[in-house]
Amino acid sequence: MASKDKMVEAITAMDEDFTQWYTDVVLKAELIDHSAVKGCMILRPYGFAIWENIQHNLDRLFKETGHENVAMPMFIPESLLQKEKDHVEGFAPEVAWVTHGGSELLAERLCVRPTSETLFCDHYAHIVHSWRDLPKLYNQWVSVVRWEKTTRPFLRSTEFYWQEGHTAHATALEATEETLRMLDVYADFYRDYLAIPVTKGQKTEKEKFAGAVSTYTVEAMMHDGKALQSATSHYFGDGFARAFDIQYTDKNNQQQYVHQTSWGLSTRSIGAIIMVHGDDSGLVLPPRIAPIQVAIIPIAAHKPGVLERTTAISQELGRTFRIKLDTSDKMPGWKFSEYEMKGVPLRLEIGPRDLENNQCVAVRRDNGAKITLPLDNLASSVQDLLDQIHEGLYEKALQSRNSRIYSALAWPEFVDTIKNKPGFVKAMWCGDQACELKIKEETGATSRCLPFDQEMQSDRCICCGRPATSQVIWGKAY
RNA sequence: CGAGGUGUAGCGCAGCUGGCUAGCGCGCCUGCUUUGGGAGCAGGAUGUCGGGGGUUCAAAUCCCUUCACCUCGACCA
């Protein structure tokens with residue numbers, strides 16, 4: 001069929017050229033467009049709607065855990081950025097600077113925020129005075145700018161949208177609990193809303209956030225076996241508090257430094273959705289964040305009653321679901337392909353034959369199954385199907401990931417696995433950064449995390465053979 | 001930032017050893033017919049050849065420069 005050929009032309013097969021497939025999907029599903037500035041993407045309505053659904057649900061989880069939203073400025077004076085040494089060293093190479101206001105040279109240049117720790121710290125120093133002022137549980141939804149050398153839509157863009165939570169606590173214990181609580185929120189969110197399994201763990205010294213005492217991460221595995229750091233949560237101890245002089249008077253009238261955290265999830269999560277669930281027909285969106293949950297395609301819409309009935313059904317379902325009723329004069333086949341490419345979880349076909357039988361045809365995007373549904377109690381059937389699709393996507397992603405997590409006990413086996421089998425490799429590590437660097441050098445893999453679920457595979461470091469202190473998940477990362 | 005590649009209509013491309021009014025397919029617009037897996041016929045519109053500079057009687061075509069995109073590395077959510 002000519003139509004089949006066209007479809008094949010439209011999107012590169014994923015196993016033929018995964019990066020090209022990704023680019024095709026991102027552009028053809030109308031998630032983004034490129035802008036005039038390198039690495040800055042335009043989030044088109046369909047792409048932004050996914051982000052809005054992520055925001056909406058994640059924001060609710062933040063509110064439920066006691067957080068408040070604020071909005072910090074986008075500019076950071078250079079002197080402020082430089083107050084914490086590790087932090088500035090980590091970010092300085094990739095910040096954009098504002099040097100002029102109009103035509104006037106500024107007395108002090110301003111950095112466009114790459115992240116907002118310094119702004120929150122400066123603010124906390126002003127507003128935190130007493131133990132009664134704590135904790136401060138703030139979050140903001142903003143974009144930040146990092147002048148990256150290589151950019152890719154969603155995965156690494158010059159400007160990207162995210163949320164950054166910044167909290168200040170009276171004690172180290174409270175801050176540690178917050179750090180891990182938010183990591184759990186992320187992991188649960190990935191599972192319950194994006195249908196993506198993640199591995200929770202701690203970053204090594206080499207991989208942790210600039211200025212943090214410890215960084216925790218949720219790592220996901222993409223279709224090509226590469227790792228995507230999908231959200232991070234950092235514990236700062238009182239390091240930033242000392243640098244920014246954030247002190248409060250405790251119950252014993254003693255001056256104390258606060259203990260802080262920060263945590264973030266970005267539009268990169270959309271990249272994860274694409275690369276975990278997508279297939280050769282395009283996007284596959286998890287129902288709970290899909291901008292369109294159900295596409296309704298009237299068949300032979302000119303026949304008496306078809307348009308009226310589908311409109312009524314659409315309005316009814318629209319009270320519960322995000323619905324798109326497509327009454328355009330495109331051919332049905334065109335619409336099927338279009339909504340498949342856009343990853344719409346469920347499609348309902350309603351034609352004269354269906355209406356005679358008081359039914360419609362439902363087609364699942366995740367597995368292509370065609371199901372005949374009675375029009376009575378349709379909303380409840382649709383809800384069941386969407387939930388099944390969510391579960392199906394998660395299970396498939398979990399199987400896919402688990403089947404590609406390998407274990408290595410000896411160096412040759414480790415190198416061979418990393419080089420030849422896309423996926424994660426679990427192996428023991430002595431804790432020395434030299435081994436981490438050597439592994440990076442020889443295999444291209446980095447430590448993704450020290451998983452919370454530690455299994456002692458052996459007592460020797462995979463790299464140097466010295467006594468091992470922990471198990472690490474290694475992988476090639478985006 | 002290093003190596004390589006690409007910028008011509010909305011998309012995909014041809015034209016490129018300088019030469020006539022810059023082409024093709026798809027899409028788009030109008031009308032009629034169609035509608036259960038990317039429709040058919042008829043008519044129609046659309047280009048500062050990525051930008052700037054140069055060489056030349058003449059530049060999409062040659063030279064310089066700049067911007068963006070893609071691939072692979074090095075650096076990072």
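In what follows, chains carry the letters A, B, and so on, assigned in the order in which the sequence lines appear, proteins first and then strands, with residues in each chain numbered from 1.
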Sugar-phosphate, base or nothing in reach of A/I297, heavy atoms under 4.0 Å: nothing

Between C1' of B/G36 and CD1 of A/I350, the distance in whole Å: 13 Å

Pair A/E436, A/S447: side-chain N/O donor-acceptor within cut-off below 3.5 Å: yes

Check: A/W263 ring centroid to A/F62 ring centroid under 6.0 Å: yes

N/O donor-acceptor pair, side chain A/E340 with base B/G38, under 3.5 angstrom: no

Touch class at under 4.0 angstrom, heavy-atom based, for A/D354 against every strand present: base

Rounded distance (Å) that lies between atom P of B/G12 and atom CD1 of A/I11: 14 Å

Protein-nucleotide distance (A/E30, atom CD; B/G10, atom C1'), rounded to Å: 11 Å

Euclidean distance, atom CZ of residue A/R347 to atom C1' of B/G37 [Å, nearest integer]: 8 Å

Flag for A/R113-A/S143: side-chain donor and acceptor within less than 3.5 Å: no

Sugar-phosphate only, base, or nothing, as touched by A/S269 at under 4.0 Å among non-hydrogen atoms: nothing

Test item: side-chain donor near acceptor, A/T12 and A/D24, under 3.5 Å: yes

Sugar-phosphate, base or nothing in reach of A/P352, heavy atoms under 4.0 Å: base

Sugar-phosphate only, base, or nothing, as touched by A/A36 at under 4.0 Å among non-hydrogen atoms: sugar-phosphate

What pairs of nitrogen or oxygen atoms, one from the protein and one from nucleotides 69-76 of chain B, lie under 3.5 Å apart?
{"unit_1": "B/C69", "atom_1": "OP1", "unit_2": "A/G39", "atom_2": "N", "d": "2.7"}
{"unit_1": "B/U71", "atom_1": "OP1", "unit_2": "A/R152", "atom_2": "NH2", "d": "3.1"}
{"unit_1": "B/G73", "atom_1": "O6", "unit_2": "A/T150", "atom_2": "OG1", "d": "2.8"}
{"unit_1": "B/A74", "atom_1": "N6", "unit_2": "A/T150", "atom_2": "OG1", "d": "2.7"}
{"unit_1": "B/C75", "atom_1": "OP2", "unit_2": "A/K440", "atom_2": "NZ", "d": "3.1"}
{"unit_1": "B/C76", "atom_1": "O2'", "unit_2": "A/E94", "atom_2": "OE1", "d": "3.4"}
{"unit_1": "B/C76", "atom_1": "O2'", "unit_2": "A/E94", "atom_2": "OE2", "d": "3.4"}
{"unit_1": "B/C76", "atom_1": "O2'", "unit_2": "A/E148", "atom_2": "OE2", "d": "3.4"}
{"unit_1": "B/C76", "atom_1": "O2", "unit_2": "A/R156", "atom_2": "NE", "d": "2.1"}
{"unit_1": "B/C76", "atom_1": "O2", "unit_2": "A/R156", "atom_2": "NH2", "d": "2.4"}
{"unit_1": "B/C76", "atom_1": "N3", "unit_2": "A/R156", "atom_2": "NE", "d": "3.3"}
{"unit_1": "B/C76", "atom_1": "N3", "unit_2": "A/R156", "atom_2": "NH1", "d": "3.2"}
{"unit_1": "B/C76", "atom_1": "N3", "unit_2": "A/R156", "atom_2": "NH2", "d": "2.4"}

Touch class at under 4.0 angstrom, heavy-atom based, for A/V144 against every strand present: nothing

Assigned partner base of B/U48, Watson-Crick or wobble definition, under 3.5 Å: none

Side chains of A/S262 and A/H166, donor plus acceptor under 3.5 Å: no

Parallel, tilted or perpendicular: rings of A/F236 and A/F209 (30°, 60°): tilted

Integer-rounded Å distance: B/G36 C1' and A/M331 CE: 10 Å

Partner nucleotide of B/G4 by Watson-Crick or wobble geometry (both distances under 3.5 Å): B/C70

Sugar-phosphate, base or nothing in reach of A/F154, heavy atoms under 4.0 Å: base

Value in whole Å for how far the P atom of B/A68 lies from CD1 of A/I42: 14 Å

Donor on one side chain, acceptor on other, A/H223 and A/D15, under 3.5 Å: yes

Sugar-phosphate only, base, or nothing, as touched by A/G351 at under 4.0 Å among non-hydrogen atoms: base

For A/K200, all residues meeting side chain to side chain contact (heavy atoms under 4.5 Å, CB included), sequence neighbours excluded: A/L183, A/D184, A/A187, A/V218, A/F452

hbond_proxy A/H302 side chain to B/U34 base (donor-acceptor, 3.5 Å cutoff): no

